[in-house]
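Comments concern the structure below.
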Amino acid sequence: MAISVTLLGGTATGALALSVPAAAPGAAPAAVTPLPVAPVENLIVGYKSGATEARSNTAAADDAKAKGAKAGEKVAFERRLGTGAALVDLGGKLSAAEAGDVASAFRADPDVAYVELDSRAYAMATPDDTEYAKQWDLFEPTAGMNVPAAWDKTTGSGVTVAVIDTGYVAHSDLASNVVAGYDFITSSTAARDGNGRDSNPADQGDWSAAGECGTGSKASDSSWHGTHVAGTIGAATNNAKGVAGIAYNAKIQPIRVLGKCGGATSDIVDAITWASGGSVPGVPANATPAKVINMSLGGSGACGTSYQNAINAAVARGTTVVVAAGNSNANASGFSPASCNNVINVAASNRTGDRSFYSNYGTVIDVAAPGGETRRATDTPGTVTTPENGILSTLNTGTTTPSAENYKPYQGTSMAAPHVAGLAALLVAAKPSLTPAQVESTIKTTTRPLAGTCTGGCGTGLADATAAVAAVTSTPTTPSFENTTDVAIPDNAGAVSSSITVSGLTGNAPAALKVNVDIKHSYRGDLVIDLVAPNGTVKRLKSSSSDSAANVITTYTVDGSALPANGTWQLRVQDVAAADTGYIDSWSLGF
């Protein structure tokens with residue numbers, strides 16, 4: 001899986017594959033290898049909506065030139081991103097410090113909402129298995145995702161899943177399910193196809209020589225990462241060959257953003273926009289917009305505005321966005337897009353039902369899914385000692401350019417995320433009216449506990465395809481309203497609230513109103529939680545207690561039969577004891 005690198009405030013961060021060695025049991029955690037320090041070529045500048053530069057390319061060009069002159073650099077407006085932000089060419093490969101000077105000039109302008117250094121992302125893992133019997137991740141009762149029984153009700157028909165990754169290398173076990181995608185890599189050098197953006201998302205190989213991708217970077221072979229991810233989601237099934245895809249009647253839309261030395265945030269942001277049916281300047285409209293996006297990529301640093309704006313817009317168009325948590329055995333809150341809101345953030349579990357040793361963790365994780373372990377944490381890094389415990393999928397034998405098709409097992413959160421993307425496709429195919437919020441809620445509330453352990457936090461548990469599909473097919477889907485904006489809960493202070501405005505319903509709320517709550521807090525016993533109805537009626541959901549566990553992630557059932565359905569509902573939370581803090585992550589009402 002690739003982690004997207006973001007350069008902020010003069011600090012370089014990047015996106016890489018998620019296969020990371022772990023420390024031996026009892027040893028201190030191994031230090032994460034620093035990412036290569038790549039030169040900076042572009043800035044992403046978001047202007048406030050009232051600024052002339054937000055609407056006029058000419059004004060944006062004039063502004064870029066003026067800001068560059070102020071910083072002593074040659075700067076030019078390059079193009080408008082799909083989110084409306086301006087991509088600014090720094091006139092060459094500047095150091096982080098030099099680029100930071102130009103960024104400072106923009107940040108000093110009151111008409112500028114945000115400035116981010118364009119970053120790079122890199123692919124994150126590899127596949128290895130050829131027969132369904134080896135796909136433990138789909139069917140084994142201990143740690144599989146319980147997929148086969150879900151196929152009785154849905155196989156993904158009518159749903160397009162965009163795989164924003166390295167592109168697609170031809171494979172006969174995928175070809176029948178691939179629809180037209182796009183190559184969003186702007187740099188012809190990184191793309192290796194002799195040009196910039198074009199309509200051909202073919203994977204040209206992401207191999208690189210030592211030192212080619214920045215100081216300290218190592219030589220690497222081509223990963224064919226996007227093809228491996230695509231196989232997990234939508235490999236052809238019941239065709240007497242290879243592996244079975246989770247949503248094997250869905251369509252795969254390959255979108256290429258990762259090439260040599262990873263991929264730029266600006267290209268990934270435009271790919272998210274285009275994949276979900278948004279408009280990107282200079283790019284033809286997407287004829288088959290995706291209802292699900294998979295991003296097995298990422299990089300260091302908290303979610304930036306560029307990513308968040310693109311993701312928010314995609315979700316608003318009705319597209320569910322699934323991302324990999326990262327492979328650094330660290331808190332996922334320090335990685336992007338894993339730490340973005342409005343995504344399903346997926347950690348990796350292994351064949352015994354424990355968190356995979358490399359997987360990121362933390363309160364921003366939504367669910368876990370099989371990511372496998374092709375070696376044990378104590379085995380020599382870089383070896384493949386337990387291939388039978390990896391995730392088998394479609395691949396290619398070429399070390400640089402494409403060669404013969406094959407199958408291989410990979411490990412990584414890059415492998416876990418497409419399991420959930422495939423599940424999302426099954427749900428949308430079964431119930432096309434589902435919103436992204438309902439898809440996420442269904443997946444999170446139908447998980448089962450991990451058979452093993454997850455130190456650090458793996459969300460609500462292991463995704464369960466059969467349980468999730470049953471939840472949307474056995475009973476009518478109820479109207480759902482959600483608020484995903486974080487609200488800080490101050491320590492031992494007054495109550496805070498998060499609001500949801502409900503409209504379009506008639507009469508009163510149901511007698512079994514579902515209140516889905518996701519609150520991150522280090523000591524949940526301190527919390528008092530109330531639901532406040534539109535007419536001011538208060539329903540106590542939780543009182544304070546001596547419960548020392550973390551987080552409140554649950555569903556409360558409230559008798560709302562005497563309460564008006566339409567109007568503003570509030571989730572009110574108060575911390576009544578000292579020493580612990582947290583925040584309302586999200587909550588929703590199911591009518």
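Taking the ring centroids of Y114 and F106, they lie at or beyond the 6.0 Å cut-off.
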Please test T447 against T460 for side-chain hydrogen bond (donor to acceptor under 3.5 Å, both in side chains), starting from the C-alpha separation and ending with a verdict.
CA-CA 6 Å; T447 57; T460 60; 3.1 Å; yes
From CA spacing to verdict: side-chain contact (heavy atoms from CB on, under 4.5 Å), F481, T501
CA-CA 8 Å; F481 300 84; T501 300; over 6 Å; no
Using side-chain hydrogen bond (donor to acceptor under 3.5 Å, both in side chains), reason through S588 and N516 one step at a time and then give a plain yes or no.
CA-CA 5 Å; S588 64; N516 303 302; 3.0 Å; yes
Apply the test side-chain contact (heavy atoms from CB on, under 4.5 Å) to residues I272 and I293: give CA-CA distance (whole Å), side-chain angles for both, the deciding distance (0.1 Å), then the verdict.
CA-CA 8 Å; I272 296 168; I293 287 174; 4.2 Å; yes
Checking I500 against T568 for the side-chain contact (heavy atoms from CB on, under 4.5 Å) test, could you report, in this order, the C-alpha distance in whole Å, the side-chain angles of both residues, the deciding distance, and whether it holds?
CA-CA 6 Å; I500 291 176; T568 300; over 6 Å; no
Between T473 and T154, does a side-chain contact (heavy atoms from CB on, under 4.5 Å) hold up when you go through it step by step?
CA-CA 10 Å; T473 57; T154 173; 6.0 Å; no
T557 vs K514, side-chain hydrogen bond (donor to acceptor under 3.5 Å, both in side chains): CA-CA, chis, key distance, verdict:
CA-CA 5 Å; T557 300; K514 301 298 183 182; 2.9 Å; yes
Quick one, D575 with N492, criterion side-chain hydrogen bond (donor to acceptor under 3.5 Å, both in side chains). Give me CA distance, side-chain angles, the key distance, then yes/no.
CA-CA 5 Å; D575 184 327; N492 197 18; over 6 Å; no
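Residues in residues 299-351 take part in these disulfide (SG to SG under 2.5 Å) pairs, two or more places apart or across chains: C303-C340. Applying the disulfide (SG to SG under 2.5 Å) test to pairs two or more places apart or on separate chains, those with a residue in residues 431-473 are C454-C458.
Looking only at side-chain heavy atoms (C-beta outward), V163 and I255 stay at 4.5 Å or farther from each other. You'll find the side chain of R540 reaches within 4.5 Å of the side chain of V528, heavy atoms only. L527 places a side-chain heavy atom less than 4.5 Å from the side chain of H521. Two residues are said to be in side-chain contact when any heavy atoms from C-beta on lie closer than 4.5 Å; I391 and P370 meet this criterion. Residues V439 and V428 meet the side-chain proximity criterion, which asks for heavy atoms closer than 4.5 Å. Side-chain contact between V346 and V323 is absent, with no heavy atoms from C-beta onward closer than 4.5 Å. Here the side chains of L563 and K539 are in contact, with some heavy-atom distance below 4.5 Å. Contact check for Q570 versus D530: no side-chain heavy atoms found under the 4.5 Å cut-off.
In this structure, L571 CG and L541 CG are separated by 6.5 Å, a value rounded to the nearest 0.5 Å. Put simply, CG on D585 and CG on N551 are 9.0 Å apart, with the number rounded to the nearest 0.5 Å. For the atom pair CG (D526) and CD1 (I489), the distance works out to 10.5 Å, reported to the nearest 0.5 Å. Atom NZ of K431 sits about 10.5 Å away from atom NZ of K153, to the nearest 0.5 Å. Atoms CG and OG, on L531 and S497 in that order, are 11.5 Å from each other to the nearest 0.5 Å. The distance from the OG atom of S548 to the CZ atom of R524 is 8.5 Å, given to the nearest 0.5 Å.
For T537 (side chain) and A533 (main-chain N/O), no donor-acceptor pair under 3.5 Å exists by modelled atom type. Within the 3.5 Å criterion, the main-chain N or O of F335 finds a donor-acceptor partner in the side chain of S339. No side-chain donor-acceptor contact under 3.5 Å links T484 to the backbone of E482. Side-chain atoms of Q438 come within 3.5 Å of backbone N or O of T435 as a donor-acceptor pair. Q308 places a side-chain N or O within 3.5 Å of a backbone atom of N341 that can act as its donor or acceptor partner. In this structure a side-chain-to-backbone donor-acceptor pair under 3.5 Å is missing from T83 to A310. For S522 (side chain) and D580 (main-chain N/O), no donor-acceptor pair under 3.5 Å exists by modelled atom type. A donor-acceptor contact shorter than 3.5 Å links the side chain of W274 to the backbone of P284. When atom types are taken as modelled, the side chain of S356 and the backbone of S349 share a donor-acceptor pair closer than 3.5 angstrom. Proximity of a side-chain donor or acceptor of S276 to a complementary backbone N or O of T273 within less than 3.5 Å is detected.
The nearest pair of heavy atoms linking G304 to S336 is N-OG, 4.2 Å. Between V292 and A421, the closest heavy-atom pair is CG1-O, 3.8 Å. When all heavy atoms are compared, the tightest approach of V321 to A314 is CG2-CB, 4.3 Å. Nearest heavy atoms, D366 versus I344: OD2-CA, 3.4 Å. Between A463 and L423, the shortest heavy-atom contact is CB-CD2, 4.2 Å. In terms of heavy-atom proximity, E140 sits nearest to R448 at O-NH2, 4.2 Å.
Between the side chains of S498 and W587, a donor-acceptor pair is found at a separation under 3.5 Å. Using modelled atom types and a 3.5 Å distance limit, the side chains of N329 and R355 yield a donor-acceptor pair. Between the side chains of N566 and S503, no donor-acceptor pair of N or O atoms lies under 3.5 Å. With no hydrogens or angles considered, a side-chain donor-acceptor pair links S266 and D118 at under 3.5 Å. Side-chain contact annotation: D354 with T352, donor-acceptor N/O pair under 3.5 Å present. Between N294 and S296, the side chains place a donor N or O and an acceptor N or O closer than 3.5 Å (distance only, hydrogens not considered).
Aromatic ring orientation, Y248 versus W151: perpendicular (interplanar angle above 60°, classes split at 30° and 60°).
Contacts of Y47 classified as ring-ring contact (aromatic ring centres under 6.0 Å, His included), with partners at least two apart in sequence or in another chain: none.
Of the options N286, N177, T160, a side chain to side chain donor-acceptor pair (under 3.5 Å) to Q253 is made by N286 and by none of the others. Under the side-chain contact (heavy atoms from CB on, under 4.5 Å) rule, Y583 has a single partner from T363, I519, D518, V573, which is T363.
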